[in-house]
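So the structure is just underneath, and the comments pick up after that.
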Amino acid sequence: MNFVDELRWRGMIHDMTPGTEEQLNKEMTSGYVGIDPTADSLHIGHLVSVMILNHFQRCGHRPIVILGGATGMIGDPSGKSQERNLLTEETLRHNQQAIQKQLKKFLDFDSTEKNRALLLNNYDWLSKFSFLDFIRDIGKHLTVNYMMAKDSVKKRIAGEGDGMSFTEFSYQLAQGYDFFHLHEHFQCKLQMGGSDQWGNITTGIELIRRKTGQEAFALTCPLITKADGGKFGKTESGNVWLDPEKTSPYAFYQFWLNCSDEDSKKYIRIFSLLSKAKIETLEKEHDNAPHLRILQKKLAKELTIRTHSLEDYEAAVNASEILFGKGTAQQLSKLSEKMFFSVFEGVPQIKIEKTLLEKPIAVEDFLAEMTEIFPSKSEVRRMLKDNAISVNKSKIDDTYTFSHESLINQKYILIQKGKKNYYIVIVV
RNA sequence: GGGAGAGUACCAGAGCGGUCAAAUGGGGCAGACUGUAAAUCUGUUGGCGAAGCCUUCGGAGGUUCGAAUCCUUCCUCUCCCA
């Protein structure tokens with residue numbers, strides 16, 4: 001299998017340096033991408049790079065992941081984020097372990113194959129550099145003129161912003177040095193990344209060329225977009241993480257299931273390993289019956305199983321059916337407690353005293369004051385008028401009162417605001 | 001330092017003495033339709049209530065029967081001149 005061809009039909013190539021393809025066809029090549037270890041989990045924005053490495057490895061090359069423990073402290077100037085927090089070494093190691101565990105689902109680190117993946121942390125070499133050594137051995141090889149010609153720098157200097165600190169300006173050198181280091185110690189000849197990394201990558205190539213006279217290569221992929229112009233990988237509740245503690249498998253599954261038709265065609269090429277023929281067949285089926293959401297379901301399935309597990313996937317499908325299917329109060333009460341809470345995992349839970357339900361309580365009082373699910377009684381009244389509130393999957397009106405009889409299995413009440421917003425009240 | 005102007009609900013932006021809880025647009029939320037979609041249409045978008053009442057228009061005072069609207073002062077922002 002040819003790596004470049006594979007990425008090409010998947011729409012994952014934005015740009016390459018000349019000769020990249022020849023190099024990859026010539027021999028097993030080591031290539032790397034960098035990841036910022038700012039959290040102890042990857043999110044789906046990272047997944048593109050990871051998938052590139054996955055293809056890279058399946059095509060017989062050796063993938064290397066660099067955690068930017070050191071560079072992450074500096075901050076890539078492309079984002080105008082505030083001062084980065086310095087990660088302690090302890091946190092760094094913790095994050096590294098957690099991330100590696102997740103990467104193992106996508107890359108083979110442990111086999112005896114000679115192209116098994118490698119995970120490194122640039123903190124291990126950059127932290128040992130003295131300032132003097134760095135500017136003498138590295139800074140000397142590149143002119144400021146060269147560095148200033150980069151788009152990411154030009155924009156900041158020409159722009160109206162607050163200018164650019166020397167620290168940020170140096171970022172490309174640090175990243176460039178990484179490439180050089182890997183080239184020297186791991187025969188790494190290729191760096192990959194998002195198209196926004198092009199400038200940083202070519203700095204590394206230039207550094208390698210000047211210091212060693214040898215050639216190195218770059219390959220970038222387009223930044224992932226959504227058809228509606230929104231930012232990929234974000235939901236109302238923030239990033240979509242791979243860590244099930246941060247984003248439940250159910251929410252993860254739902255994220256992919258809710259992709260638009262247009263996006264899912266793009267995403268299934270990027271995030272699944274399905275063959276070209278298979279994807280094209282699925283697309284045809286999808287277009288014939290778009291409401292079945294064949295692509296979204298397939299995509300969600302592939303990724304949920306890979307990232308989490310088959311059991312998690314099945315539970316997510318099950319939960320989705322209860323939540324969005326024609327679930328009824330009867331069905332709800334049939335669920336075991338364990339199943340109930342796994343279906344409604346991640347749903348806000350409100351605990352109340354059992355004694356409060358001894359006498360009937362008016363809807364507004366219960367929903368606005370006792371449980372604070374709604375911000376005010378007026379809000380509750382409005383929602384009731386709109387026919388938007390359900391208790392235990394049944395619509396209610398303003399004559400409804402809460403009491404012991406509202407409880408499912410003596411224990412909880414399921415409140416719905418509209419179709420998608422669930423709340424669970426638990427008596428204690 | 002001198003001059004001009006502006007600050008209104010989540011945002012933008014009308015209102016310039018009573019009919020203003022405050023136009024309109026966007027956003028949000030909900031309903032219908034649907035594919036847990038998009039588009040569209042509808043409702044709703046300060047609080048408590050049955051009518052009605054209470055608190056809101058940068059802050060604090062004042063004029064008036066009555067102020068988001070007039071006056072004083074303070075704060076903040078924008079523009080122009082040096």
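So you know, we letter chains A, B, ... as the sequences are listed, proteins then strands, and number each from 1.
Remark: P of B/G31 and NZ of A/Lys417 are 10 Å apart, rounded to the nearest angstrom. In this structure, CD of A/Gln254 is placed 10 Å from P of B/A37, rounded to the nearest angstrom. Protein atom CD of A/Gln416 is 9 Å distant from nucleotide atom P of B/G31, rounded to whole Å. Look at NZ on A/Lys393: it is 10 Å from C1' on B/U36, rounded to the nearest Å. Taking atom CD on A/Glu364 and atom P on B/G47, their separation rounds to 13 Å, with Å as the unit. Taking atom CG on A/Leu295 and atom C1' on B/G35, their separation rounds to 13 Å, with Å as the unit. Summarising the geometry, the separation between CG on A/Asp397 and P on B/A30 is reported as 20 Å, rounded to the nearest angstrom. Atom-to-atom, CD of A/Gln296 to C1' of B/A37 comes out at 8 Å; the value is rounded to the nearest Å.
Nucleotides B/G25 and B/C41, compared at atom P, are 12 Å apart to the nearest Å. Straight-line distance between the P atoms of B/U64 and B/G58: roughly 23 Å, to the nearest whole Å. The gap from the P atom of B/U78 to that of B/G27 amounts to 28 Å, rounded to the nearest Å. Taking atom P in both B/C71 and B/C79, the straight-line distance is 25 Å, to the nearest Å. Nucleotides B/G62 and B/A67 are separated by 12 Å at their C1' atoms, to the nearest Å. Nucleotides B/C10 and B/G28, compared at atom C1', are 8 Å apart to the nearest Å. Between B/G59 and B/U76, the distance separating the two C1' atoms is 10 Å to the nearest Å. Look at the C1' atom in both B/C16 and B/A6: the space between them is 14 Å, to the nearest Å.
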> If the sugar-phosphate is the primed atoms plus P, OP1 and OP2 and the base is the rest, what is the B/S/- string for nucleotides 20-28 of chain B, using protein heavy atoms under 4.0 Å?
Replying inline: ---------
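Pairs passing the side-chain hydrogen bond (donor to acceptor under 3.5 Å, both in side chains) check and including a residue from residues 270-281 of chain A, sequence neighbours excluded, do not occur. Applying the ring pair (Phe, Tyr, Trp, His ring centres under 6.0 Å) test to every pair with at least one member in residues 403-428 of chain A, sequence neighbours left out, gives these pairs: A/Phe340-A/Tyr412, A/Phe341-A/Tyr412, A/Phe344-A/Tyr422. The ring pair (Phe, Tyr, Trp, His ring centres under 6.0 Å) analysis of residues 301-320 of chain A, with sequence neighbours excluded, yields the pairs A/Phe252-A/His308, A/Tyr253-A/Tyr313.
Phosphate contact (OP1/OP2 of B/G31, side-chain N/O of A/Lys395, threshold under 4.0 Å): present. Phosphate proximity of B/A37 to A/Lys226: absent, as no side-chain N or O sits under 4.0 Å from OP1 or OP2.
Residue-environment remark: NZ (A/Lys301) stays at or below the threshold of 12 foreign heavy atoms within 6.0 Å. Within 6.0 Å of atom NZ in A/Lys395, more than 12 heavy atoms from other residues, nucleotides or ligands are found, so the atom counts as buried in its surroundings.
Applying the salt bridge (Lys or Arg N to Asp or Glu O under 4.0 Å) test to A/Asp5 and every residue at least two apart in sequence or in another chain returns A/Arg8. Remark: A/His94 engages A/Asp40 in a side-chain hydrogen bond (donor to acceptor under 3.5 Å, both in side chains) (not counting sequence neighbours). With sequence neighbours excluded, no residue satisfies salt bridge (Lys or Arg N to Asp or Glu O under 4.0 Å) with A/Asp108. Residues satisfying the salt bridge (Lys or Arg N to Asp or Glu O under 4.0 Å) test with A/Asp243, not counting sequence neighbours, are A/Lys246.
Residue-level contact check: A/Leu323 touches neither bases nor backbone, having no heavy atom under 4.0 Å from any strand. Counting non-hydrogen atoms under 4.0 angstrom, A/Asn258 reaches a base of the nucleic acid. Within the 4.0 angstrom heavy-atom criterion, only backbone atoms of the sugar-phosphate kind lie near A/Asn421; the bases stay farther away. If you check every strand for non-hydrogen atoms under 4.0 Å, A/Lys419 touches a base. Across all strands, A/Glu379 comes closer than 4.0 Å to no nucleic acid atom at all (heavy-atom distances). A/Glu262 comes within contact range of no nucleotide atom at all, as no heavy-atom separation falls under 4.0 Å.
Paired runs in RNA chain B that reach 3 or more consecutive Watson-Crick or G-U pairs, where each pair keeps both distances under 3.5 Å, cover B:1-7 with B:75-81, B:10-12 with B:24-26, B:27-32 with B:40-45, B:46-48 with B:52-54, B:58-62 with B:70-74.
Toward the 5′ end of RNA chain B lies the nearest nucleotide of A/Gly418, the other residue of the pair A/Ser260 and A/Gly418 mapping further downstream. Nearest-nucleotide positions on RNA chain B place A/Ala388 closer to the 5' end than the other of A/Asp365 and A/Ala388.
Using bins of under 30°, 30° to 60° and over 60° for the plane-to-plane angle, the ring pair A/Tyr400/A/Phe402 lands in the perpendicular bin.
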N/O donor-acceptor pairs under 3.5 Å from side chains in residues 43-52 of chain A, not counting sequence neighbours:
from, atom 1, to, atom 2, distance (Å)
A/His43, ND1, A/Gly45, N, 3.1
A/His46, ND1, A/His43, N, 3.0

Considering only distance and modelled atom types, tabulate donor-acceptor pairs under 3.5 Å from the side chains of residues 348-357 of chain A, sequence neighbours left out.
none

Look for any protein N or O under 3.5 Å of an N or O in nucleotides 39-46 of chain B and output each such pair with its distance, or none.
from, atom 1, to, atom 2, distance (Å)
B/U44, O2', A/Arg382, NE, 3.3

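Ring-centre distance between A/Phe271 and A/Phe232: below the 6.0 Å cut-off.
Here the shortest heavy-atom pairing between A/Lys154 and A/Ala149 reads CE-O, 3.4 Å.
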